[in-house]
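The next block holds one structure in the form of structure tokens; read it before the comments.
Throughout, a chain's letter reflects where its sequence line sits, starting with A, and its residues are numbered from 1. As the structure is a prediction and not an experimental result, all values here were calculated from the model.
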Protein chains: 2
Amino acid sequence: MRIFLSVPFTQFVNEKGKVDSAYRSDIESVINILEESGHKVYCAPKKEGWKITDHDPVTAFKRVFKEIDACDLFIAILKFDVSAGVELGMGYAFAKKKRIIIASPTGHNLGWNNHALINQENVMNMNYSFFDELAKQITNTISR
Amino acid sequence: MRIFLSVPFTQFVNEKGKVDSAYRSDIESVINILEESGHKVYCAPKKEGWKITDHDPVTAFKRVFKEIDACDLFIAILKFDVSAGVELGMGYAFAKKKRIIIASPTGHNLGWNNHALINQENVMNMNYSFFDELAKQITNTISR
């Protein structure tokens, strides 16, 4: 299955634009588990070499949304702070009638909009405390 | 022109779910100016009577996205904090190839995603300090 993995990005980069290493490990563990199960995963921070590329955001943005067009499953990993990029992507994926999994941290209040979104057709919610467990929960769900 | 006016909502309600009155006045001034110019404006908090309705968010959410489908122009008013609802709506409107105006407060840093978005086709950015001036800027732009 072709998976678009949407994760908060710019919140987790340092002043040089590099992704925080602990956060990178978390996301890499999810990507690895999904890939080991035979899925093809697109994740923007990985694609961009775990750093923000500022030289051509307009083209990078277009590329990202083409990848959503091409995916079979859109997975959004939410953190406690709202991510503009993840929300934009979810709205886009919802418009394109993609199957969506929204993973939110245990104890997180989804807010009005995301709560309404997880109850729409083709959208499901998963809670996570650990990223590797989340990835296994995803692979179990989508192989069914 | 049929306008969908997307504004932060849940950030501006009190513990009883009622929209802050100063914020309501600001948004009403925008709606009034647009309507006086002959446009038809849908704005969720107005439609919901300036309060959060929690009895059926799933249906309310569906109704909102049907209104985006039907609009000729999607206007997003950003405030300094990221609004999940506005970002979701912009992603949806972008997928549906709607004409989009993103209004951001003067001095506000749009962030990577919204900055990339305002440079896409059919998307434009406006800065505002006062809501009535913003509304006039919008009516001048769309009547051209």
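Per-residue heavy-atom pair counts under 4.5 Å with chain A were compared for B/Gly89, B/Gly91, B/Gly111, B/Ala93, and the maximum is reached by B/Gly91.
Using a 4.5 Å cut-off between heavy atoms, B/Leu117 touches chain A through backbone and side chain atoms alike.
By the rule that hydrophobic residues join a cluster once side-chain heavy atoms approach within less than 4.5 Å of another member, A/Ile33 and A/Ile142 end up as members of separate clusters. One hydrophobic cluster, built from ILVMFWY side chains closer than 4.5 Å, holds both B/Tyr128 and B/Met124.
A/Glu28 pairs by the salt bridge (Lys or Arg N to Asp or Glu O under 4.0 Å) definition with A/Arg24, not counting sequence neighbours.
For the pair A/Phe94/B/Leu88, no side-chain contact is recorded, criterion being any heavy-atom separation below 4.5 Å from C-beta on.
Of all residues spanning residues 59-86 of chain A, those with a heavy atom less than 4.5 Å away from chain B's heavy atoms are A/Ala60, A/Phe61, A/Lys62, A/Phe65, A/Val82, A/Ala84, A/Gly85, arranged by number.
The heavy-atom pair separating A/Pro57 from B/Ala116 by the smallest distance is O-CB, 3.6 Å.
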